[in-house]
Amino acid sequence: MVEPREVNILQRKAEEFLQIFRKGEEFTQELLRENERLRFRVAQLEEAEVASRRTDELAFKNLRERLALLEEERDRLLARFKEVEEENKVFASKYLEVELENNNLANLYVASYQLHSTLDFEEVLRVVQEIVINLVGAEKFVLYLRNERTDELAPAAAEGLNMADVSPVLVGSGIVGRVGETGESFYQESIPVFQGIDFDKPLTAIPLKINDLVIGVLAVYKLLVQKPGFSPIDYELFSMLAGHAATAIFSSKLYSQSARKLSTIRGFLDLLRERPGE
Amino acid sequence: MSNVLVVEDSPTMRQLISFALKRVPGTQVTEASDGVDALKKISGGRFDLLITDVNMPVMDGIKLISLVRKDPNHRDLPIIIITTEGADEDRKRGLAVGANAYLTKPIQTSSLVKLATDLLEGIAPQAG
C-alpha cells in the first residue's frame, strides 16, 4: 500500500516530467519551424544565385563582345595610323621634291630671263658667265664661239683663266672640237681631282645650238671647291644654256652687226643728202 | 614688314635672291650692286637683314660688313654672306668680320629662304 505522501511526490514528479516533456515538444516545434524557415531561405538564395549566375554570364558575354569590337576598332585604327604615317612620309618626300623643283625652276627662270634681257653681245656673254659661275658653280671655263670662215671654235669669254692662254680649237678636233662638230654634249663620268688645266680634257662640254646649228661650245674645266660634282639641275641648266644662250648670243651678234650696218647706211645716206647742196 | 637689302654685283644672282625672298610673305627687298651702293641705302633706310656677296667691285662684302658692324645702330643687324669662296679660311674670315651665316654658291633658294626667315625671327643659324 502506497502512502498518500508518496502518492503526492509521485504526482508532482509526473507533473514535472510532463512539464519538461511539453517544453521539449515546444522546443522541437520551434526547431522544426526554424528548420523550415532556413530551408526556405536556402531555396531563395539558391534561386538568387542561379539568377545572378545567369546575369553574370550575360554581362560577361556582353563584355567579351564589346572587347572584341574594341580590339577590332584598335586594329583598324592602328592600320589607319600606319597608312597615315606612310602617307605623311610620301607627302614629306613630295614636299622636298616640290621644293627642289621650285628651286630648279627659279634658277631656270632667272637664267633665261637674264639671257634674253639684253641685245648687247658683251652683256649676253657676261650673263652666260654669271650663270655658269653662280648657278652651276664652275670656277674655270671657256666659252668658245664658232667662226664659220675658219671652221674654228675661238674663245669668246673665259673665267678663272687668262684668255691669252686659250687657243682656238678646230671643229672636229679633240673633245671640244667634236662637241662643236656633232652637237652632242660631253660629260666626264666622274670628277677627277684638279691637277692643272688641260684644254682638251674638260669636265663637260656643252654645244650651244640653234636647232642643229652649233654656234659655240661651253667647256667647263674646274668646279668651285665646295661643289663635288654635277647635280640634276646642272644638266637642266646646261640644256637650257645649249638652246637659250645660243639664241641670245646669235641674236645679239646679229643685232650688233645690223646696228653697225645701219649706222654705215645712215652715213652713206647723209653723204648722199649733202651732195646736192654742195 | 621685313626689309632685306641684297648686295650683289651679278644681276643674275640679285634677281635669283630677290625672287626667292619675295616669296616670303611680308618681305620687301632692296637691291644694291656693291658695298658703297649698299652703305648709301643702309644710311637712308631701315633694314632687318643684309645679304651680301664677297667679291664685288668698288667695295667688297668683307669691307662692307666691317663698316656696318662699326655702326652702333647696325651691330645687331643679321648678315648673310653668299659667295663662291668656299674655302674654310674664307668662311672663318666672313664669320669673324661679323656675318651671322655663310652660304656658298650655287645656293639652294629654299635653304636661303629658311635661313633668312630664321634670322628675321631672331633664331640663330645652326653652325655649318
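Lettering of chains follows the sequences in order, A, B, ..., and the numbering in each one begins at 1.
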Give the intermediate values and the outcome of side-chain hydrogen bond (donor to acceptor under 3.5 Å, both in side chains) for residues B:Gln108 and A:Asn103. CA-CA 6 Å; B:Gln108 287 282 322; A:Asn103 192 68; 3.2 Å; yes
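Contact of B:Ser111 with chain A is not made at all, since no heavy-atom distance falls under 4.5 Å. Residue contact with chain B, scored on non-hydrogen atoms closer than 4.5 Å, involves the backbone and the side chain of A:Leu135 alike.
Annotation for A:His244 and A:Ser112: closest pair ND1-CB, 3.8 Å, computed over non-hydrogen atoms.
Taking the centre of each ring, A:Tyr221 and A:Phe199 come in below the 6.0 Å mark.
Of the listed residues (A:Leu115, A:Ile133, A:Asn107), the one with the most heavy-atom contacts under 4.5 Å to chain B is A:Asn107. Listed options A:Asn102, A:Val136, A:Val127, A:Ile131 were ranked by heavy-atom pairs under 4.5 angstrom with chain B; first place goes to A:Val136.
Remark: side-chain polar atoms of B:Ser43 are paired, donor with acceptor, to backbone N or O of B:Leu39 under 3.5 angstrom.
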